[in-house]
Amino acid sequence: MNKYYFNKIIKAVLTIFFVYTLVFFLTRVTGDPVEFMLVDSASEAAKEQLKENLGLNLPLYQQYWQSFFGLFNGNAGTSYYYSRDVAELFYERLGSTLSLGFLTFLFTTVLGVLFGIIAAIKNNTMLDKFIIICSVIGNTIPNFILGILLIFTFSLSLRLLPSNGSGGLQHLVMPLLAMSVGPASIVARLTRGSMLDVMQSDYMESALAKGLSKSQMIWRHGLRNALIPIITILGSQLGYIIGGSVVVETVFGWPGIGTLIVNSAIQRDFPVVIFGVLLIAISVTVINLLVDLSYGYLDPRIRVGDYS
């Protein structure tokens, strides 16, 4: 195996392991879930019995190893709050998160690439400057702030869209916008810069001299050669979308895994929080790994050079 690929895979595995370990111990310092689950008047015997049932009476290192090896055996644990298998809880909500994430990525790709190309074609015009300003603003506003502004505008003021829940297209519009604007702004700016570099290259001038129209030159030759950095940023933005879904789903009450993780953190439901964060960490790490590997495959200089 090439050293570049090997190093990337090892770093991905170590990243996932580090995230799991960090989340496990951080959840333990947030407080005792038994105190949250029982009323204040509960006896000490009842508390100790519940701790024993949940395995919280064991030494911390033993809890860690049981949780760690349980995941390898396909046992994600049992939710303290729902008293159900953790994997089942996530499976029920995975469809909602995937549907929102897929549409967000599609929306981000189409809008980002399209507006980036338009800005490059109309370089130094008012339209180009307008797109740049919009992309800077869109990239600056956090998705949860944008979500709150959308709720205030379209739900509370104009009363056009529902502020939470799912069920139809109207419920999807605001979460989709809140999650798409930031990534689409980044993709648009990178696409514009990449297209400008390609359009100013010698082979593009040669293609224009051979009689190709400007549209043919851009769509047949320019975009193809500008794709590598665009694909790279799209991969990183997909990871951003996955992580950002936690906050946006909570703001809009979207019934996905993000809402489940946040509610479980409030309830100190350790197994759900650990599994949820680990699931997101694995998704983001694998996506970034695939982007790095594909980038090394497309550009041999990356594989043989000291870029890892």
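The figures here come from the full heavy-atom set of this structure, side chains too, leaving out hydrogens, waters and symmetry mates.
Under 3.5 Å, the side chains of Ser264 and Tyr80 contain no donor-acceptor pair of N or O atoms.
Taking 4.5 Å as the limit, some side-chain heavy atom of Tyr20 sits within range of a side-chain heavy atom of Leu71. Between Met179 and Phe107, the closest side-chain pair of non-hydrogen atoms is not below 4.5 Å.
The CZ atom of Phe17 sits 11.5 Å away from atom CG of Leu278, with the distance rounded to the nearest 0.5 Å.
Listed by chain and number, the residues in a salt bridge (Lys or Arg N to Asp or Glu O under 4.0 Å) with Glu92 are Arg84 (sequence neighbours excluded). For Arg28, the salt bridge (Lys or Arg N to Asp or Glu O under 4.0 Å) criterion is met by no residue, not counting sequence neighbours. A search for salt bridge (Lys or Arg N to Asp or Glu O under 4.0 Å) contacts involving Lys51 returns Asp32, not counting sequence neighbours. Applying the ring pair (Phe, Tyr, Trp, His ring centres under 6.0 Å) rule to Phe275 yields the partners Phe90; only residues at least two apart in sequence or on another chain are considered. By the salt bridge (Lys or Arg N to Asp or Glu O under 4.0 Å) test, Glu52 pairs with no residue at all, sequence neighbours left out.
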**side chain to side chain contact (heavy atoms under 4.5 Å, CB included) between Phe6 and Lys8, worked out** = CA-CA 5 Å; Phe6 179 78; Lys8 291 296 181 182; over 6 Å; no
**Request:** Just do the side chain to side chain contact (heavy atoms under 4.5 Å, CB included) check on Leu289 and Ile9 with the steps written out, would you?
**Result:** CA-CA 7 Å; Leu289 174 63; Ile9 293 173; 4.3 Å; yes
**Message:** The test is side chain to side chain contact (heavy atoms under 4.5 Å, CB included); show your working for Leu60 and Phe24 and say whether it passes.
**Reply:** CA-CA 10 Å; Leu60 194 58; Phe24 179 89; 4.1 Å; yes
**Prompt:** Does the pair Asn288 and Thr15 meet the rule for a side chain to side chain contact (heavy atoms under 4.5 Å, CB included), with working shown?
**Reply:** CA-CA 11 Å; Asn288 290 334; Thr15 298; over 6 Å; no
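Minimum interatomic distance between Pro175 and Leu100 (heavy atoms only, all atoms of both residues): CB-CD1, 4.1 Å. Nearest heavy-atom pair, Thr259 versus Thr250, reported as atom, atom and distance to 0.1 Å: OG1-N, 3.9 Å. Here the closest non-hydrogen pair linking Gly147 and Val251 is C-CG1, 4.3 Å. Residues Gly138 and Val181 come closest through the heavy atom pair CA-CG1, 3.6 Å. The minimum heavy-atom distance between Ser155 and Pro162, with the atom names listed, is OG-C, 3.6 Å. Scanning both residues, Gln170 and Leu161, for their nearest heavy atoms gives O-CD2, 3.8 Å.
Grouped with Val136 in one hydrophobic cluster are Ile132, the linkage being side-chain heavy-atom contacts under 4.5 Å among Ile, Leu, Val, Met, Phe, Trp and Tyr residues.
Open room surrounds CZ on Phe115; 12 or fewer heavy atoms of other groups in view lie less than 6.0 Å from it. Heavy atoms from other residues, nucleotides or ligands lying under 6.0 Å from CZ of Phe25 number more than 12. Within 6.0 Å of OH in Tyr82 there are more than 12 heavy atoms belonging to other residues, nucleotides or ligands.
A ring-centre distance under 6.0 Å is not found for Phe68 and Tyr61.
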